[in-house]
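Letters go in sequence order (proteins before strands), and every chain restarts at 1.
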Protein chains: 2
Amino acid sequence: MSPHTSASLKALLNKRGFRLTPQRQTILYVFQTLPQGNHLSAEDLHQILRRQGERISLSTVYRTLHLMAYMGILRELELAEGHKHYELNSPYTEHHHHLVCVQCNQTIEFKSDLIDRIGTRQAEAEGYHLLDCQLTIYGICPEAMQRGWSRTLPEGWRCSQSQQRLQRSDRDSDSDMASRG
Amino acid sequence: MSPHTSASLKALLNKRGFRLTPQRQTILYVFQTLPQGNHLSAEDLHQILRRQGERISLSTVYRTLHLMAYMGILRELELAEGHKHYELNSPYTEHHHHLVCVQCNQTIEFKSDLIDRIGTRQAEAEGYHLLDCQLTIYGICPEAMQRGWSRTLPEGWRCSQSQQRLQRSDRDSDSDMASRG
DNA sequence: CATTTATTGAAAACCATTTTCAATAATTCT
DNA sequence: AGAATTATTGAAAATGGTTTTCAATAAATG
Ligand SMILES: [Mn+2]
Ligand SMILES: [Mn+2]
Ligand SMILES: [Zn+2]
Ligand SMILES: [Zn+2]
């Protein structure tokens, strides 16, 4: 599907009583020209904007992200600890899922119609109006493992979600765990 | 698989240099006796504890949640805006996924070996050490829709993530959007 | 062009979570 | 068992991402 033009964005906004502002146009443009596979936090976006000479306040960045996620233009993702990430939503970008390293936050995208179908079916089955479905796989990337990241999980464990940030006292055995995401 | 006893928990902790404390035992017990399908935030857990007469500080609650998630005893979930939720992890609870209403936060669990298999395969394919994979489906529950929650997404849209909390000014058309998760 | 009212930026407020630090207590070591 | 070691705790302060406030500005509408 074709990306939004100023006109189509304006129409979309006005239809709901919102207004087209230069700030919103600029922010959408950042996402539209962002290489596939990039995911921006509010702070990321704010940095990019000021690097481009735009002077859009952080408040407006947050407000615009919310607005566009609400309108379905952006998709909100929980990829890292502490802050959300955003990307263009389908159908402007193909719907996909994420595999993310809890150590270094490297993120790999992958598609799966099967998962999308399961998500759709499940929502239907419960009478829900589907908004989004995202399979997020958490793991440790090969590089992080080489870098000495070990996790001996209790025997029998099949799937266990990791956590950064334990107490300071963990420097010995799991030294890099204390690092911030 | 059998749940943790004080002894097995102690062994698990000591193996990594952690210690068994009454607080940790108590917190694990709360999760073990929690009805399937319940998901606790740090604050939830803290409330339950003090209702039970236990006087465990909120700091310790947070620390214990992190520790147990790190050890794979608990699973960390992103079900609502603003705070994480925790539940017993597999294999003590069967691995499953979630369908959640972005309006009222009602959460429905469902199993899917197919998804688990896709997650496992995908992690393997990239050489990742798998920690967890969770399909989270966001939608609007039937009750919320009846309650007048509408969302006309742009035509062609297939999957779009919703957002609470827009500007104050949205009271008119989407009045209940401003409510907190 | 005038009117209405959504939007913006700057600063302050918020609030879930984390950290600090001194006191306490679980483990380990005689 | 008792002493030594050091992980853990609670209370309070700090943090940091996000939200709100509010007066000024500027889209939209007619
Ligand atoms: Mn993506
Ligand atoms: Mn669950
Ligand atoms: Zn990594
Ligand atoms: Zn609902």
Side-chain angles (χ1 to χ4, degrees), chain A residues 6 9-11 13-27 40-47 49-50 54-69 76 78 80-86 163-174 178-181, chain B residues 6 9-11 13-27 40-47 49-50 54-67 69 76 78 80-86 163-174 177-181:
Chain A
S6 296
L9 179 60
K10 178 166 167 18
L13 289 167
N14 289 347
K15 182 164 56 178
R16 303 203 192 176
F18 298 127
R19 293 175 182 180
L20 178 63
T21 64
Q23 291 89 337
R24 288 174 180 174
Q25 254 178 263
T26 304
I27 287 175
L40 302 185
S41 68
E43 198 53 60
D44 292 339
L45 176 54
H46 191 232
Q47 289 309 316
L49 289 167
R50 54 174 29 225
E54 308 285 347
R55 197 147 305 284
I56 300 181
S57 77
L58 191 53
S59 313
T60 297
V61 166
Y62 275 108
R63 284 187 286 231
T64 304
L65 289 173
H66 285 153
L67 177 64
M68 293 190 171
E76 192 179 65
E78 317 269 3
E81 290 278 336
H83 51 265
K84 301 199 179 65
H85 282 122
Y86 296 84
Q163 222 29 55
Q164 320 283 92
R165 197 184 321 102
L166 280 189
Q167 296 204 161
R168 202 156 71 293
S169 39
D170 305 304
R171 25 194 144 82
D172 28 1
S173 40
D174 302 283
S179 67
R180 284 209 157 252
Chain B
S6 297
L9 179 61
K10 178 168 173 7
L13 290 167
N14 289 347
K15 180 164 57 178
R16 304 205 193 173
F18 298 126
R19 293 175 181 179
L20 178 62
T21 64
Q23 289 90 336
R24 290 174 179 173
Q25 254 178 264
T26 303
I27 287 175
L40 301 184
S41 68
E43 198 53 60
D44 291 339
L45 175 54
H46 191 232
Q47 289 310 316
L49 288 168
R50 55 175 26 230
E54 308 284 346
R55 196 147 304 281
I56 300 180
S57 78
L58 191 52
S59 313
T60 297
V61 166
Y62 275 107
R63 285 187 285 230
T64 304
L65 289 173
H66 284 154
L67 178 64
E76 192 180 65
E78 317 270 2
E81 290 278 337
H83 51 265
K84 300 197 179 68
H85 283 125
Y86 297 84
Q163 221 29 53
Q164 321 283 92
R165 196 184 321 102
L166 280 190
Q167 297 204 161
R168 200 156 74 292
S169 39
D170 305 304
R171 24 196 146 82
D172 28 1
S173 41
D174 301 283
M177 226 175 42
S179 66
R180 285 207 156 254

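- The residue A/Thr21 sits close only to the backbone: its heavy atoms come under 4.0 Å of sugar-phosphate atoms, none of a base.
- In this structure, B/Phe18 atom CZ and D/dT5 atom P are separated by 22 Å, rounded to whole Å.
- Among the protein residues, B/Gln23 comes within range of the sugar-phosphate backbone only, with heavy atoms under 4.0 Å from sugar or phosphate atoms but none that close to a base.
- Listed for the A/His46 side chain is a donor-acceptor partner under 3.5 Å among the backbone atoms of A/Ile56.
- A close approach under 4.0 Å does not occur between any side-chain nitrogen or oxygen of B/Tyr62 and OP1 or OP2 of C/dT18.
- Side chain of A/Arg24 to backbone of A/Arg19: a donor-acceptor contact under 3.5 angstrom is found.
- Atom CD of A/Glu81 is separated from atom NZ of B/Lys84 by 4.0 Å, given to the nearest 0.5 angstrom.
- Closest to the B/Arg63 side chain, of the nucleotides D/dT18, C/dA11, C/dT19, is C/dT19.
- Residue-to-nucleotide proximity on DNA chain D shows that, of A/Arg19 and B/Ser57, the 5′-proximal contact is made by B/Ser57.
- Look at NE2 on A/His46: it is 9 Å from P on C/dA10, rounded to the nearest Å.
- Whole-Å rounding puts the A/Leu58 CG to C/dT7 P distance at 18 Å.
- Put simply, CD on B/Glu76 is 16 Å from P on C/dA16, counting in whole angstrom units.
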